[in-house]
Every structure is written in C-alpha cells, then in structure tokens.
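Indexing begins at 1, ligand by ligand and atom by atom, following the structure's order. Each residue takes its place number in the sequence, starting with 1. Computed from a predicted structure; not experimentally measured.
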Amino acid sequence: MQNQSLLAELKRETARRRTFAIISHPDAGKTTLTEKLLLFGGAIAMAGAIKAKKAGRHATSDWMAIERERGISVTSSVMNFDFNGCAINLLDTPGHQDFSEDTYRVLTAVDSALMVIDSVKGVEAQTKKLMDVCRLRDTPIITFINKLDRDGRSPFELLDDIEQSLGIEAAPLSWPIGMGKLFKGVYDLRQARLRFFAGQEGQTGRDARPREAVVLQGLDDPALDELLGDTAAGELRRDVELLDGAGYPFDMDRYLSGKQTPVFFGSAINNFGVKELLEAVADLAPAPRPRRADVRDVSPLEEQFSGVVFKIQANMDAAHRDRVAFVRICSGRFSRGMKLRHHRLGKDFKASNAILFMAQERSGVEEAWPGDIIGIPNHGTLNVGDSLTAGEPLRFLGIPHFAPEHFRRVQIRNPFKAKQLEKGLAQLSEEGAIQFFRPVTGGGVLLGAVGALQFEVIAERLASEYDVEVELVGTKYNAARWLFAESKEPLDKLAREEPMAMVTDAAGYRVMMFTSQWMMERTIEKWTAIRFEATRECADTTL
Ligand code: G4P
C-alpha cells in the first residue's frame, strides 16, 4: 500500500518537473531573461539581483577572486521555483566568451533548453557550439528572440537564420508586430491573443509589467484593426498568411525529438514575452525522461533512487572550503540521510548533508525527485560522471569530456613541487575543471580546455590550493579528438606518422591534437580505420 502511494507521488512529482538551461551567445540577454523568469516564478523579489551579481556589485555567491574581478560567472548554479503547478529547475550556464567544459556538461543534465537569440545579431558563434552539445542528446529547445524593442532583422530572416545556421526547423508560436520604436507587441499564433507592448513612454523600466493580452476571434476580428491601426493589422495578416504557406507548423513530436524549435519573440529587459515563455516551458517542455546507462535505460518512474554527478564545484564559499558534487536525480525519490551506493568506489555512504541551491542560499533537502539537482558535499570521493544508486550496479552514460580547443604547456617554477603539481592536476581533472594530457614522446604535461579562462582558474587554484606556481605557455594546437579503432595497428601507424601531435589523457586514452580545423578534417578523411571522437564518457576511467 505504501509503495502504491510512493509510486503515485513519484509519478506526480516527476510529471511536474521541468529541468532546463538557457543557452545563448554572450550579450544576447541570458542574464536579463534569467532574472525576469525568476521574478515571474517568485524566486527573487527584486529585479537587479542577478544583474548586480554579474556586475560584481553584490558578489555574495562569487567563490573566487577571479570571478569578482571579472564580474562574470565562472561557475554555474541551480535555481528552482514553482510556476503554473510545475517545479522548475533552471540550471545556469556561464555565458562569457571564455566559458568552460562545465557549460557544456550542464547541458547533459537538463531535459530541455531555452535558446536566446539577439534579434539584431541573429545566431552567433557560441549559440552554434552550445547547439552542437544539445544535439548529442537531441535535447528539445525552445527559442526566444530577444530585443524586439530594437531595430533588428526581419522575423522571417531570423527564422531562416536559425534553420540554416543551426540545422533545426523553426516553428513560430508568436509573431512580432513591428520592431524598434514601432514595436507594438506580439500575436499569439496558437491562442489568437494580442499582447501589446507598452511602448517607449512610461512602462519600459526593469520592473515594468506588460499590459494584459486582448483575446481576439482570430486574425479577421475587426478589433485587430482598431487596436493596431490598418497598416500594422494588414502587415500582421500578410505575415501570418506567408507563414501558413512557407513556415513549419508546430509539431510536438518534432520538438521533443530535437528536430524543431518553437519560436517566441519578446524583449526581456521590458518583461515582454517572458511570461509566455515560462508558460511554454511549463506546457511544452518535457518532464524527465529515461536516461541511458551501461546496462539498460533507467526510467525516472522507477522506485529505486539513482543519480549521476555532472559537475563538481570546489570552494564555492570561502567560509566552507568544501567541494560539492552536483547530482542530477535520474529515478526514484531522494530522501535526506538515505544510503547511496557509489559504484566506482564500490562503497556505500549516507547522504545526510545534501543541499539544494535556492537562488544564492543553501538549504537542506528533505526529499527530491527525478529532474531535481542536489548538491553533495565531499572531499574528493565524487567525480564528474560518477553514478549513485540505491544499490543496483549501473553506470549512467551521456556525461562526457569535451574535446579541448585550447592547449597550454605547463612549466613549473619550482621543480621540487612536481609531486604537488601531479596531485593537483589529477584532482582538478577528476573534478572536470581541466583536462591534462601527456605527450606520447617526450615529457611534460599539456592542459586542454574548451574556454581559455579555465587556464587562469587552474593556475590560480594550483597556487592557492596546492602551493604550486606554474607558467602556462601557448601551443600551436586548437583542436583535438579521441582516437578509437578496432585494432591497435592503425593507431600505432598514425602515432608513428604524427608523433608530436599524439598525447594520452588522464585515463590513458589516446588523443590527437590538430593545428587547424582543416588539418583535422583532412586527417579524419585519410584515416578511415580510426574513429575520431569529439567526446569521451567521463565514467570511462579505465581502459
Ligand atoms: P548575457 O547574460 O546574455 O550576456 O546578456 P545580458 O542579459 O547581460 O544582456 C546584455 C545587454 O543586453 C545588457 O545591456 C542588457 O541590458 C541588454 N538587454 C537585454 N535584454 C534586452 C532587451 O530586451 N532589449 C534591449 N534593448 N536590451 C536588452 P548592457 O548595456 O550590457 O548592460 P546594462 O547596462 O543594461 O546592465
């Protein structure tokens, strides 16, 4: 009987979870949108809190001097709030140009993503990279085209850009009326509602609330002409007619399989279109779905708890000096103090001090459900990619290392500290903070990162936590791939031909570095017996 009620609760709680992250190119408006979403969700009471953090004015959650100095978020965090009956988990991703592997890995822990695009700039470089990561798991994506209060590109052009640059169908669910100074609002294509933009005067401040929407009887409703004026009403009708002929109609299955993105228009800074976006996340975005493990797929509705570590954050709070493993719950109910099996180590432990991140505060978790993220403080026992279960031996897949795009040679200032350096690099790489490689021929160590800022973070942490001063010297390499083959023979042959570019990663897997994309493509074409992989499962720690 008790089991029945637990299962019913598990079903209910799982169905209302929405775990997502926002992806965007820097400056598209991710921080602004995050703040507005939190405002609507009631998670923060005042606009400005998140922006202030970004600008370093109230850096209460900043955990390193470097973050404060630069006024950017080196780490990601988790925010949760309730909206329309849904329990929303919003995972923040560092959006600065110099982002890290963490940014990518956060995307492996979510069920969907929200993509923000600047209406003036269209799809930008970072968006493309993040989209590639989403594609690894066919993550469903909702698109928000931001900054409609500025003179940007035409909405048709923007849809075309998304389709061409990102290779995904764009299906508008709302349509903008004018832009810049002439921006009048958006028309909700699904519900035939017209939402007005308050305009330049008066309500454009950060706390402005948009006016209520007007419900129309479709586009032929004469009220449309009265409300918008003949010209804008005529334009809207023409646009929608064009869309009917040329655009993609929204298809839930195509969205859920990552082939199509529903598109919304708005202006985050003016609070315009944000509520509709949140409603779309609640209505359309998927609840937790089964997750792949080595032995089988695990359904979130399984009674037994399971979860996977996708991120380690060290020394988040100078007062705590701790290391927190972020665990995505994959199945079952988590309750405080429950016994968990750590499969890599083959040990059981009690999760009595698990924490939940609520805005900038930490609070104890009594229970949590699939889709939720819990933090487990530890002293180095939990690494990225580790699986935790109630007992069943399984290893979740889909939390990878990503091929670095930046490399540095490590030069140690004091050779007597070589041991500390080894220890520091081993621990930092297990945390997922950096990858290190050893040349197949010759000595030394190379560091690899997807964002150059990771090097500064590592140099600072090696100095402050391991007392090792290092100099990081640039190299000519800017791409890498893991090498796999059916037999050793082609790998050995390639190593003989390109000895300088061959390295092994921390777990001993072979990696080849390249000096250009072109060189990489040429090599891949030539060596058909070798698989060149852009990712490697974190859980694969032994060959
Ligand atoms: P990010 O996290 O993606 O990097 O972007 P962020 O929200 O910080 O926004 C980047 C800039 O774009 C900010 O301006 C922000 O105010 C502005 N912005 C965000 N949404 C809108 C919008 O809907 N319309 C317009 N016109 N601008 C928008 P800033 O000058 O860099 O910062 P601030 O001085 O406004 O704080």
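- By the 4.0 Å N-to-carboxylate-O rule, D132 lies close enough to R135 to be salt-bridged with it.
- Ligand 1 has a nitrogen or oxygen under 3.5 angstrom from a nitrogen or oxygen of T32.
- Contact check on K147 versus D27 returns no salt bridge, with no Lys/Arg side-chain nitrogen under 4.0 Å from an Asp/Glu carboxylate oxygen.
- Residue contact check: S24 has heavy atoms under 4.0 Å from atoms 3 (O) of ligand 1.
- The N/O atoms of L33, backbone and side chain alike, include none that comes under 3.5 Å of an N/O atom in ligand 1.
- Ion pairing of D111 with R289 is absent here, as no side-chain N (NZ or NE/NH1/NH2) approaches a carboxylate O to less than 4.0 Å.
- Short contacts between ligand 1 and K30, defined as distances under 4.0 Å to a heavy atom of the residue, involve ligand atoms 1 (P), 2 (O), 3 (O), 5 (O), 7 (O).
- The shortest side-chain heavy-atom distance between L37 and F83 does not fall under the 4.5 Å cut-off.
- By the criterion of a heavy-atom distance under 4.0 Å, both the backbone and the side chain of S267 are placed next to ligand 1.
- Contacts between N146 and ligand 1, counted as non-hydrogen atom pairs separated by less than 4.0 Å, involve the side chain only.
- Between G29 and ligand 1, a contact under 3.5 Å exists for at least one N or O pair.
- Using a 4.0 Å cut-off between charged side-chain N and carboxylate O, E279 and K275 make a salt bridge.
- Contact between N270 and ligand 1 is absent, with no heavy atom of the residue lying under 4.0 Å from the ligand.
- For R153 (side chain) and L158 (main-chain N/O), no donor-acceptor pair under 3.5 Å exists by modelled atom type.
- The closest donor-acceptor contact from the side chain of R461 to the backbone of L428 lies at 3.5 Å or more, if one exists at all.
- Here is the list of ligand 1 atoms found below 4.0 Å of a heavy atom in P26: 4 (O).
- Residue G266 places no N or O, backbone or side chain, under 3.5 Å from any N or O of ligand 1.
- Residue D27 touches ligand 1 through backbone and side chain together, judged by heavy-atom distances below 4.0 Å.
- With a heavy-atom cut-off of 4.0 Å, R150 touches ligand 1 through its side chain alone.
- Using modelled atom types and a 3.5 Å distance limit, the side chains of E465 and Q427 yield no donor-acceptor pair.
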